[in-house]
Amino acid sequence: MLSKKTVKIFVSILAAIFILIGIILKEDFSGLNLSSEASMPIENRLEIHYLDVGQGDAILIKTPHNQKILIDGGPDMSILDQMGKNLSFFDRQIDIIILTHPHSDHINGLVEVLRRYDVRKIYYTGAFHTSPAYLEWLEMIKQKNVPLEIIKEQRVLALDNELKLEFLYPFEDLMNKDIKELNNTSIINKLVYKDKIFLFMGDAEKEVEQELMDLDIDLDADVIKLGHHGSSSSSTEDFLKKIDAQYAIIQCGEDNSFGHPHLSVIRRLERLGIKIFRNDLNGQVSVFSDGERIEVVAERIVY
Amino acid sequence: MFGKLSKSKKFYLMLSAFIIGVAMGSFKIQLLFLAVALSILTIILFILKGRIIVILIIFAIVAGFFWLQRSVPEKNIENIHFFNEEKVIVEGFISEEVDLRSDHQKLAFKTEKIKFEDSWRQIKGLVLVKTELYPYYEYGQILKIECLLRQPGKIDDFDYEKYLARYNIYSTCYNSKIAILEGEKGSFLKKYLLKSKKYFLNKINRILPEPHASFLAGLLLGVRKGIPKEIMEAFNRTGVTHIIAVSGYNITIVAVALMNFFKAISISRKKSFYFAVLGIIAFVFLCGASAAVVRAAIMGIIVLVANQVGRKTNTLYILILAVFIMVMINPKILIFDMGFQLSFLATIGLIYLSKPIEKFFKFMPETLGLRENFSTTMAAILTTSPLIMYNFSRISLVAPVANILILSAIPIAMFVGFIGILLAIFSVYIGQIFSWITWLILEYIIQVVKILAELDWASINLGFGLRWVIFCYVLIFILLYFCNNLKIVRPGQYFRSDNL
């Protein structure tokens, strides 16, 4: 039934496909990703992508051994495009999801992520909340049978020999506790890769910052994701001094109705000589590190 | 003048007159104006010696006019939009597929009961309810809603009121309190179709990342909401939006591309035709068989039939009859539904212009139906452009190039994508691996569109007033008349140049 011509056509299509695959493979399996913009070689490289999801938090981490960690999922479905952009097309697995706290600007996108990707493990606080998004999320976890663990004390996860994920907060079991100030139940964690430390504050506010300082926890970090989208309720001067970071990243949406980030926080950071990257101005911000150096790549450069 | 017309011609003339009447009704033409216009028309027609047919035509116009008027519900206590700008408690059910957006859901809510002075009272009419992303709602769910009803207004330049009117929606509701009640309503078939659509959609989402998943969902399931803004903008700039969007205009073009694809892989013309028709019918069911898709599918099938039979006068009759029936069912689509207008215009273009146009593209290879695809798309672009320029004030200059580069890839992407879904039903992992091919083809289309859209001159802003639109269409109709006055060719043949 197939004529010679048809065979020819199919052969040429197949050839075209193989050439395209070849091009993609040549570019280290991540050819069409943003990450190719970084000058740092891909071997042993840690990638942290602060995704541009509008007014909300979503951070995608790719470890040197290609484990994938997602901290929060943003306020809507835009996380899905961001994941498509930053993961290889054949990548369907997320090793760890951390939900810092169940507010809508952190959880809404996670429901679809759970539905579409194979998620291996979820960490959250278990704090009581009855928003439809949170209930839908819990239901999806049940459906998909994803292992769920509560963070109730400080603990360290060794991701590989040189990479650690440390949970710093909360200190207590919040399972089913009804807490008014959910922001202050946020999971705070840091990623330690050889000499370099990356701190993720969730939406934690100054009360929690004070608590951490009072307990004399090691807060030293090179890159900090500021608490609560750069609001003035977080990031006190003392706290920022204690952390002594080189870069601060603020996850907030363009022209958001909350006025995030607060001008006083920006001034404070500038005074301390901390370089600021913001999703509303810079688009996606990606941080690369080989454990000794840090390179920050922003989607849009603002002068 | 009319005495010479055959009976069937008279019949179709009347159908056309009815359609014109509906159009006049849609433009809010005053009754007085209608009367004056009709009397002048009567006089002219009598001078042309019509007799009975004249009276019948005028009767048909008036009937069309009132048919449109009748379809607008009165603002009285029987109808929900009587309560606009008031806080109400209503019960009813979700009567259409839920429109799931990136950050909210829109429900078409069919009201049944309203709480009125402490007692429930019968009510009818639809309300568009905008609600948060979660919980997910489903077609058929019975809800109790408490909210402030509002009349739809203008958003920027977009006339939301007119847009919703064609769905028979005259009230909107934001910030509502919704309670889900026990039980279900709605049609069993529709529920089943929407369930299977969701099932397929989930499979697509499991095997492909974004934006490819949304793109394939747009091609196979008619879902077009998840495609990111910047890609949608690139599609618009390169003039290829028709492959996915505008309620069904795509069906006509994709159907032809599908048929050409089958032909190109050496399937006989007859079989290709049946496969393409089957493809359209399958698509209608996969999409959940919404009215817009059914309309577009009928147009698509008419094109295929015309292509197959090659007798164009009869096709015109079928087309008029189809439009007449659609307008009978919902008269508001004629003037307010751009998707309907585009698919109608595209259909005309495909039937009457694609063959004459093909003559100019003989230099193109016939591989994979490339030449035929290109000439059909150009024909559709030609007949739809003025309307697009009127509505969106722009024209894409790279559209011909973009269309050549991607059109032949569309049926392949659909075919491979479909196989991927089938495999995913058995095993998601096999589906995922297979869909690397799908990903590649879709990525190719996306990259072509993105690269072309980056050109500064890819699309220029050129607004069209109504006068220009009419001028253009008169021009196009002259062109149509000119082309089709030539000897009608049978399929597969080309025009003999001495006919020109």
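Here is how names work: the chains are called A, B, and so on, in the same order as the sequence lines, proteins then strands, and each is numbered from 1. Remember, it's a predicted structure, so these values are computed and weren't measured experimentally. Values below: all heavy atoms of this structure, side chains included; hydrogens, waters and symmetry mates excluded.
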What part of Asp91(A) lies closer than 4.5 angstrom to a heavy atom of chain B: side chain, backbone, both or neither?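 Neither part; nothing is under 4.5 Å.
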Does any heavy atom of chain B fall under 4.5 Å from the side chain of Arg92(A), the backbone, both, or neither of them?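 Interface part for Arg92(A): side chain.
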Is a side-chain N or O of Tyr134(B) found less than 3.5 angstrom from the main chain of Asn108(A), in a donor-acceptor match?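 Judged by distance alone, yes, a pair lies under 3.5 Å.
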Check for a donor-acceptor pair, side chain of Arg206(B) on one end and backbone N or O of Arg116(A) on the other, with a separation under 3.5 Å.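 Flag set: sc Arg206(B) to bb Arg116(A) pair under 3.5 Å.
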Sort Ile433(B) into side chain, backbone, both or neither according to what part of it lies under 4.5 angstrom from a heavy atom of chain A.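 Neither part, no heavy atoms under 4.5 Å.
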Residue Ile227(B) versus chain A: region with a heavy atom under 4.5 Å: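 Neither part.
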Looking at [X], I'd like to know if its [atom1] atom is crowded, meaning that more than 12 non-hydrogen atoms belonging to other residues, nucleotides or ligands lie closer than 6.0 Å.
X         : atom1 : answer
Lys177(A) : NZ    : yes
Phe418(B) : CZ    : no
Glu132(B) : CD    : no
Asn175(B) : CG    : no
Tyr136(B) : OH    : yes
His65(A)  : NE2   : no
Arg101(B) : CZ    : yes

Glu210(B) and Met77(A): side chain to side chain contact (heavy atoms under 4.5 Å, CB included), yes or no, with the steps? CA-CA 10 Å; Glu210(B) 290 293 353; Met77(A) 306 287 192; over 6 Å; no
How are the rings of Phe89(A) and Trp436(B) set to each other: parallel, tilted or perpendicular (split at 30° and 60°)?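 Plane angle over 60°, so perpendicular.
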First locate atom CD of Glu112(A), then atom CG of Leu133(B), and finally report the distance between them rounded to the nearest 0.5 Å.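 Spacing of CD (Glu112(A)) from CG (Leu133(B)) equals 8.0 Å.
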Would you compute the distance between atom CZ of Arg115(A) and atom CG of Leu201(B) and round it to the nearest 0.5 angstrom?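 The distance works out to 8.5 Å.
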Donor-acceptor pairs under 3.5 angstrom involving side-chain atoms of residues 137-147 of chain B: please list them, not counting sequence neighbours.
unit_1	atom_1	unit_2	atom_2	d
Glu138(B)	OE2	Lys198(B)	NZ	3.4
Tyr139(B)	OH	Ser187(B)	N	2.8
Gln141(B)	OE1	Glu138(B)	N	3.0

Using every non-hydrogen atom in the two residues, find where Pro209(B) and Tyr117(A) come nearest and quote the distance to one decimal.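 That would be CB-OH, 4.4 Å.
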